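Report on the structure given below.
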Protein chains: 2
Amino acid sequence: METPSSALVLDRETKASERPGDHKDELRLWLRMLTCSTLIETEIRNRLREEFKTTLPRFDLMAQLDKTAVGMTVGEVSQRLMVSNGNVTAVVAGLVTDGLVDKRSAPQDRRVQILTLTAQGRKVFRAMAERHEDWIAELFAGLDQPAIAQLFRLLGETKTSLHRAIAGRAGEAAKGDA
Amino acid sequence: METPSSALVLDRETKASERPGDHKDELRLWLRMLTCSTLIETEIRNRLREEFKTTLPRFDLMAQLDKTAVGMTVGEVSQRLMVSNGNVTAVVAGLVTDGLVDKRSAPQDRRVQILTLTAQGRKVFRAMAERHEDWIAELFAGLDQPAIAQLFRLLGETKTSLHRAIAGRAGEAAKGDA
DNA sequence: AGAAATTATTTTAAGCCTGAAATGTTTTTG
DNA sequence: CAAAAACATTTCAGGCTTAAAATAATTTCT
């Protein structure tokens with residue numbers, strides 16, 4: 001950002017990372033990211049309700065199923081959406097009732113439930129997805145292409161950092177368990 | 001889906017913004033941002049439960065109240081947290097029961113409820129906030145200071161873009177209403 | 001002043017979401 | 001082969017969240 005000269009000025013001019021034990025910058029970054037996510041989520045939620053009388057969890061679930069031709073198990077969906085298994089069970093129940101999703105146990109392993117979009121489900125989803133893509137573009141319209149690319153890249157680094165930190169802690173916990 | 005020949009090859013080489021009507025980059029950006037937010041939220045939620053036996057909504061609410069000496073109204077909190085009024089009412093109820101938050105109607109306007117942290121609430125929150133700040137720093141540890149600053153700046157631009165897009169649409173809706 | 005509009009909050013009904021316990025199924029192991 | 005372990009999903013209890021309707025208080029307008 002700027003070019004400071006002496007060591008003390010350096011502390012003043014650079015960000016808090018120079019001050020030991022201070023992590024305000026990371027906190028502010030997180031709060032700003034959360035604000036952005038919440039604004040987008042709320043807006044998409046509103047538009048899905050107004051324009052398609054549906055909810056974001058339903059849309060997200062259908063989006064996963066649309067990505068595959070052969071269907072997906074409950075566990076697979078739950079992992080991809082980063083929600084609990086029980087949650088998937090509940091949301092799927094609604095979609096099955098509405099004839100948008102088909103659920104059947106796998107013939108070779110009856111523990112597993114295979115979820116697929118019905119023909120109608122696929123049709124309905126495709127229509128929503130098209131609008132959804134426009135909405136997202138509209139929301140990000142204030143960023144030019146290089147800014148989008150840059151942001152995408154930095155969020156990639158963030159994701160890596162998060163995975164490392166979370167896995168690290170899980171490892172610690174496991175060590176304690178053993 | 002097939003390999004195009006002349007003009008379209010250019011499309012392949014340049015970014016999607018060159019293809020009219022294609023907004024895949026924005027969509028991928030949003031999905032990546034959502035992944036990051038969800039990872040952080042889930043991790044913070046887990047740690048708050050394990051270490052302090054509390055929930056993220058409660059923590060967030062207390063964080064707002066900690067920012068003021070004179071207290072905050074229900075509406076003010078709801079706006080800042082970007083959640084519904086009814087939600088604040090419910091979460092506050094729990095915190096009042098636990099003696100962490102105090103709620104009383106404003107003397108000059110009895111419609112308004114003033115929320116403040118109790119002494120205990122402030123003490124409990126401060127302890128959690130300190131840990132929380134460390135956790136966030138830990139999660140972002142893979143980013144160096146310039147990356148954090150850059151990301152913060154880009155998310156600022158994003159926020160501006162979002163506000164403009166959302167306000168714009170609200171304006172349209174209002175026009176229709178009149 | 002009194003009616004109407006506005007404002008702040010709460011209530012309600014419905015759906016989302018979680019972690020943990022329970023259920024049913026398959027695989028491993030003694 | 002049968003018991004035990006592992007696995008996939010569902011159920012359950014509890015809390016969060018929302019939009020919309022209801023309630024309560026204040027302000028505005030005539």
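In the text below, chain A, chain B and the rest are named by the order of the sequence lines, each starting its count at 1. All of these numbers come straight from a predicted model, not from anything done at the bench. Just so you know, these numbers use all the heavy atoms, side chains as well, and skip hydrogens, waters and symmetry mates.
Side chain of B:Thr118 to backbone of B:Gly99: a donor-acceptor contact under 3.5 angstrom is found. Remark: side-chain polar atoms of A:Thr160 are paired, donor with acceptor, to backbone N or O of A:Gly156 under 3.5 angstrom. In this structure, B:Glu133 contributes its side chain and A:His23 its backbone to a donor-acceptor pair below 3.5 Å.
Placement of B:Ile114 and B:Leu81 in two distinct hydrophobic clusters is found when ILVMFWY residues are connected by side-chain heavy-atom separations under 4.5 Å, directly or transitively.
Among the heavy atoms of the strands lying under 4.0 Å from B:Thr55 are primed sugar atoms or P, OP1, OP2 only; no base atom is included.
Rounded to an integer number of Å, the gap from A:Glu50 CD to D:dT18 C1' is 14 Å. Rounded to whole angstrom, the span from the CG atom of B:Asp60 across to the C1' atom of D:dT17 amounts to 13 Å. We find that CG of A:Asn46 is positioned 13 Å from C1' of D:dT17, with the value rounded to whole Å. Counting to the nearest Å, the P atom of C:dC17 and the CG atom of A:Leu61 are 10 Å from each other. Protein atom NZ of A:Lys53 is 15 Å distant from nucleotide atom P of C:dG15, rounded to whole Å. Rounded to whole Å, atom P of D:dT10 lies 8 Å from atom CG of A:Leu115. Between A:Arg58 atom CZ and C:dG15 atom C1' there is a gap of 9 Å when expressed in whole angstrom units. Rounded to whole angstrom, the span from the CE atom of A:Met82 across to the P atom of C:dC17 amounts to 12 Å.
The pair A:Glu157-A:Arg153 counts as a salt bridge, with a side-chain nitrogen and a carboxylate oxygen less than 4.0 angstrom apart.
The nearest pair of heavy atoms linking B:Thr38 to A:Met82 is CB-CE, 3.7 Å.
Going from atom CG of A:Asp25 over to atom CD1 of B:Ile136 covers 13.0 Å, rounded to the nearest 0.5 Å.
Looking only at atom types and distance, the side chain of B:Ser78 has a donor-acceptor partner in the side chain of B:Asn85 under 3.5 Å away.
Toward the 5′ end of DNA chain C lies the nearest nucleotide of A:Arg45, the other residue of the pair A:Arg110 and A:Arg45 mapping further downstream. Mapping A:Pro57 and A:Gln108 onto DNA chain C via the closest heavy atom, the residue that lands nearer the 5' end is A:Pro57.
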Could I get a table of every N or O pair under 3.5 Å where one atom is in the protein and the other is in nucleotides 6-13 of chain C?
from: C:dT7; atom 1: O4'; to: B:Arg111; atom 2: NH1; distance (Å): 3.4
from: C:dT7; atom 1: O2; to: B:Arg111; atom 2: NH1; distance (Å): 3.0
from: C:dT9; atom 1: OP1; to: B:Val74; atom 2: N; distance (Å): 3.2
from: C:dT9; atom 1: OP1; to: B:Gln113; atom 2: N; distance (Å): 3.1
from: C:dT9; atom 1: OP1; to: B:Gln113; atom 2: O; distance (Å): 3.4
from: C:dT9; atom 1: OP2; to: B:Gly75; atom 2: N; distance (Å): 2.6
from: C:dT10; atom 1: OP1; to: B:Lys103; atom 2: NZ; distance (Å): 2.7
from: C:dT10; atom 1: OP2; to: B:Thr89; atom 2: OG1; distance (Å): 2.7

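Dashed line: the shortest gap from a side-chain N or O of B:Arg49 to OP1 or OP2 of C:dG19 is under 4.0 Å.
Terminal axes of the helix from C:dA1-D:dT30 to C:dG30-D:dC1 (five pairs each, C1' rotation axis) are separated by 0°, to the nearest 10°.
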Salt bridge (charged side-chain N to carboxylate O under 4.0 Å, His left out) assessment of B:Arg126 paired with B:Glu130: CA-CA 6 Å; B:Arg126 292 284 168 81; B:Glu130 202 170 312; over 6 Å; no
